[in-house]
Amino acid sequence: MQDLLYFFQQLVNGLTIGSTYALIAIGYTMVYGIIGMINFAHGEIYMIGAYTALIAITGLATLGVTWLPLVLIVALICAMIVSSAMGWAVERVAYRPVRGRHRLIPLISAIGMSIFLQNYVHLAQGSRNIGFPALIHGGFTFGSPDTFQAQISYMQITIFITTLICMTALSVFISRSRTGRACRAVSQDLGMANLLGIDTNRIISATFVIGAALAAVAGLLLGMYYGSIDPLFGFIAGLKAFTAAVLGGIGSIPGAMLGGLVLGVAESLTSGYLSGEYKDVVSFGLLILILLFKPTGLLGKPEVEKI
Amino acid sequence: MRISVKKLATAVSASVALMAAGQASAEIQIGIAGPMTGPVAQYGDMQFSGARMAIKRINENGGVMGEKLVGVEYDDVCDPKQAVTVANSLVNDGVRFVVGHLCSSSTQPASDIYEDEGVLMITPASTNPDITDRGYELVFRTIGLDSMQGPVAGNYIASQNPERVAIIHDKQQYGEGIATAVRDTLKDKGVDIAMFEGITAGAKDFSSLISKLKQADVDYVYYGGYHPELGLILRQAKQAGLDAQFMGPEGVGNKDINTIAGDAAEGLLVTLPPSFDKKSENQDLVKAFEDAGEDPTGPFVLTSYTAVQLIADGIEKADSTDPFDVAEALRSGSFDTPIGTVQYDKKGDLKSFDFVVYRWHSDGTKTPVK
């Protein structure tokens with residue numbers, strides 16, 4: 001019974017972290033699906049989302065607003081607006097001018113943007129770890145107090161539900177809305193979509209904005225869950241989310257969701273049963289294995305040569 | 001009109017070279033190398049404020065052999081790669097005495113360069129034993145070793161008769177070194193060590209680790225590393241309902257841990273150098289810091305102050321600014337400093353240095369235990 005509870009606890013830990021990886025991974029996978037480039041500055045957009053949320057929370061606290069749902073919603077909206085604006089601006093400044101060139105050029109431009117944003121936040125906010133207030137306390141516990149007690153915190157539940165809502169909204173948006181249909185068309189064939197009268201520039205901008213908004217949601221959630229943020233934390237999270245996107249099949253939205261969850265659970269079970277030191281070894285080893293045996297990722301479709 | 005970038009660069013570098021030459025003739029340059037930015041910049045602040053104060057006070061008292069000391073500051077971000085770059089540029093700038101570096105993992109690669117290039121280095125904070133263990137002539141420190149600090153922590157834990165102890169470290173030279181020293185002490189005392197495990201420095205999610213600590217039912221957790229990670233571990237452990245006593249080395253004992261961990265930092269045990277700022281003979285100095293609006297209470301403020309003072313005293317004693325003569329003078333002499341009487345052994349380690357166990361509080365203060 002105790003072992004089962006322990007397994008359950010590690011599974012919950014893994015799913016929590018995995019669902020936020022998935023939120024960030026969407027940004028990578030959508031951009032790749034549409035223009036075939038890897039937006040390495042995406043992790044920084046997530047980091048900026050977390051900083052904006054913290055600034056909003058601190059600002060509200062000084063104004064005396066403490067009603068939790070209001071604080072969370074205002075922080076979330078602020079973070080999403082700033083991150084989306086940032087995602088849009090990054091695309092305009094760093095990617096659009098080099099679009100259509102050799103694929104290495106936008107990649108290098110993206111890495112440059114990532115370094116720029118990291119250092120910008122370093123300068124603007126200082127390089128130290130900043131504590132993030134834990135706004136949601138408590139949780140459900142299972143098991144008797146004498147032995148191992150599994151705990152699902154309200155924070156973890158909040159992360160699950162928020163992720164679920166975001167993912168559902170995104171799926172509906174992509175499959176039902178006019179812009180979503182245009183997104184799918186552009187991802188199938190950018191040139192043809194353009195010929196048929198779709199404003200592809202607008203659709204590409206929309207992709208960046210959606211990815212950035214979801215990353216901002218992840219920024220707020222993870223900031224509260226972990227408890228501190230620093231200018232470099234977007235880099236590691238971005239790397240993990242990118243791995244999740246490739247694992248699930250880059251370019252595929254359900255793939256990014258699945259990839260994130262698989263990666264999160266693999267990490268948490270490794271550190272739970274093996275050792276925390278092997279966490280990254282296992283997650284990146286898993287990536288290599290999948291790429292060897294199924295290069296398109298778990299849910300990716302093989303790329304058909306377009307004639 | 002087009003301005004030639006090349007010409008401009010030549011002009012700038014020429015004027016810089018002139019300035020440097022002008023300084024070298026009349027002043028003794030003291031390099032201060034440590035993290036001004038980055039995750040452990042808090043410790044860098046202590047180092048820089050201590051060294052600056054020492055330079056200021058020595059100059060007010062007439063300098064060294066009639067010459068003024070000039071501080072030259074370098075930022076190594078506590079990154080080993082950056083430390084090598086800093087060491088090289090310091091050598092290029094003609095600096096021959098260094099107070100630094102702070103993190104053991106920076107001090108070690110930088111000291112290779114200093115030793116080769118004839119630069120005398122005194123680290124005010126690096127506690128890893130390997131640094132002075134390589135037979136180098138020009139490497140000193142004004143702090144104790146992990147091999148002294150580890151047993152203090154290990155003996156304290158053993159004296160509390162814990163049932164099961166977990167030891168976590170950040171896989172870096174400092175953290176793993178001290179965690180190993182604690183483990184060895186505990187093993188000698190026959191304490192049951194349930195876990196000895198590394199985490200990744202910079203990681204944020206410790207939920208799996210904490211579940212594992214709960215499962216192992218430990219009552220003591222020793223963490224070898226720095227405050228950003230321990231702060232998060234404390235906070236996440238409190239939220240997950242882990243009931244264990246945490247302990248860490250001086251790398252976790254600063255006020256930044258309170259901003260990260262909040263209430264969860266209350267009751268944390270920390271081994272630190274004794275509070276030199278509480279010693280009665282240092283009250284003049286403490287007042288000087290306070291008048292300047294600086295905080296003298298950090299663990300590395302007065303060790304840095306002492307490092308500068310030792311360089312000055314060594315130069316006076318050797319009657320030479322040659323780093324090798326100064327090193328010889330430091331090894332043979334005995335010096336009165338804010339951290340007590342300093343005597344060096346052959347390796348460049350202090351002959352005696354105490355660590356004290358403190359209990360940390362959520363308001364950033366600390367009280368001695370025992």
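Proteins get letters first, then strands, A, B, ... in listed order; numbering begins at 1 in each. Below, all heavy atoms of this structure are taken into account, side chains as well, without hydrogens, waters or symmetry copies.
With respect to Gln9(A), the side chain to side chain contact (heavy atoms under 4.5 Å, CB included) criterion is satisfied by exactly one of Ser207(B), Ser211(B), Ser208(B): Ser211(B).
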Walk me through whether Thr200(B) and Asp280(A) qualify under side chain to side chain contact (heavy atoms under 4.5 Å, CB included).
CA-CA 9 Å; Thr200(B) 308; Asp280(A) 292 346; 4.1 Å; yes
Should Asp3(A) and Gln215(B) be marked as a side chain to side chain contact (heavy atoms under 4.5 Å, CB included) after you check the CA-CA gap, both sets of side-chain angles, and the distance that decides it?
CA-CA 9 Å; Asp3(A) 290 342; Gln215(B) 164 84 337; 3.8 Å; yes
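The neighbour count for Gln160(B) CD, taken as heavy atoms of other residues, nucleotides or ligands under 6.0 Å away, is above 12. Heavy-atom contacts from other residues, nucleotides or ligands closer than 6.0 Å to OH of Tyr120(A) number 12 or fewer. Atom CZ of Phe196(B) sits in a crowded spot, with more than 12 heavy atoms from other residues, nucleotides or ligands closer than 6.0 Å. The neighbour count for Asp243(B) CG, taken as heavy atoms of other residues, nucleotides or ligands under 6.0 Å away, does not exceed 12. At most 12 heavy atoms of other shown residues, nucleotides or ligands fall within 6.0 angstrom of atom OH in Tyr278(A). Phe142(A) CZ: more than 12 foreign heavy atoms inside a 6.0 Å radius.
Across every non-hydrogen atom of Lys204(B) and Tyr226(A), the tightest pair is CB-CD1, 3.2 Å. Nearest heavy atoms, Asn129(A) versus Thr259(B): O-OG1, 4.4 Å.
In terms of heavy-atom pairs under 4.5 angstrom with chain A, the leader among Asp45(B), Ile168(B), Val40(B) is Asp45(B). Counting heavy-atom pairs closer than 4.5 Å to chain A, the top residue among Asp217(B), Asp256(B), Asn258(B), Leu209(B) is Asp256(B). Counting heavy-atom pairs closer than 4.5 Å to chain B, the top-ranked of the candidates Thr270(A), Asp230(A), Leu269(A) is Asp230(A). Taking chain A as the reference chain and counting heavy-atom pairs below 4.5 Å, the highest number among Ala203(B), Pro228(B), Gly241(B), Gly202(B) is found for Pro228(B).
Checking side-chain atoms of Gln239(B) against main-chain N and O of His137(A) turns up no donor-acceptor pair under 3.5 Å. Counting only distance, with no hydrogens or angles, the side chain of Lys212(B) and the backbone of Tyr273(A) share no donor-acceptor pair below 3.5 Å. Between the side chain of Glu197(B) and the main chain of Ser275(A), no donor-acceptor pair closer than 3.5 Å is present. The main-chain N or O of Gln149(A) is found under 3.5 Å from a side-chain atom of Lys214(B) such that the two form a donor-acceptor pair. The closest donor-acceptor contact from the side chain of Arg235(B) to the backbone of Gly227(A) lies under 3.5 Å.
In this structure, the portions of Glu277(A) lying under 4.5 Å from any heavy atom of chain B include both its backbone and its side chain. Only the backbone of Ile229(A) has a heavy atom closer than 4.5 Å to any heavy atom of chain B. Neither the backbone nor the side chain of Ile152(A) comes within less than 4.5 Å of any heavy atom in chain B. In this structure, the portion of Pro133(A) lying under 4.5 Å from any heavy atom of chain B is its backbone and not its side chain. With a 4.5 Å cut-off on non-hydrogen atoms, Ser153(A) does not touch chain B at all. When heavy atoms are compared at a cutoff of 4.5 Å, Ala237(A) does not approach chain B at all.
Residues from residues 171-183 of chain B that place a non-hydrogen atom less than 4.5 Å from a non-hydrogen atom of chain A comprise Lys171(B), given in numerical order.
Atom CG of Leu123(A) sits about 9.5 Å away from atom OG1 of Thr37(B), to the nearest 0.5 Å.
Using a 4.0 Å cut-off between charged nitrogen and carboxylate oxygen, Asp205(B) and Lys279(A) do not count as a salt-bridge pair.
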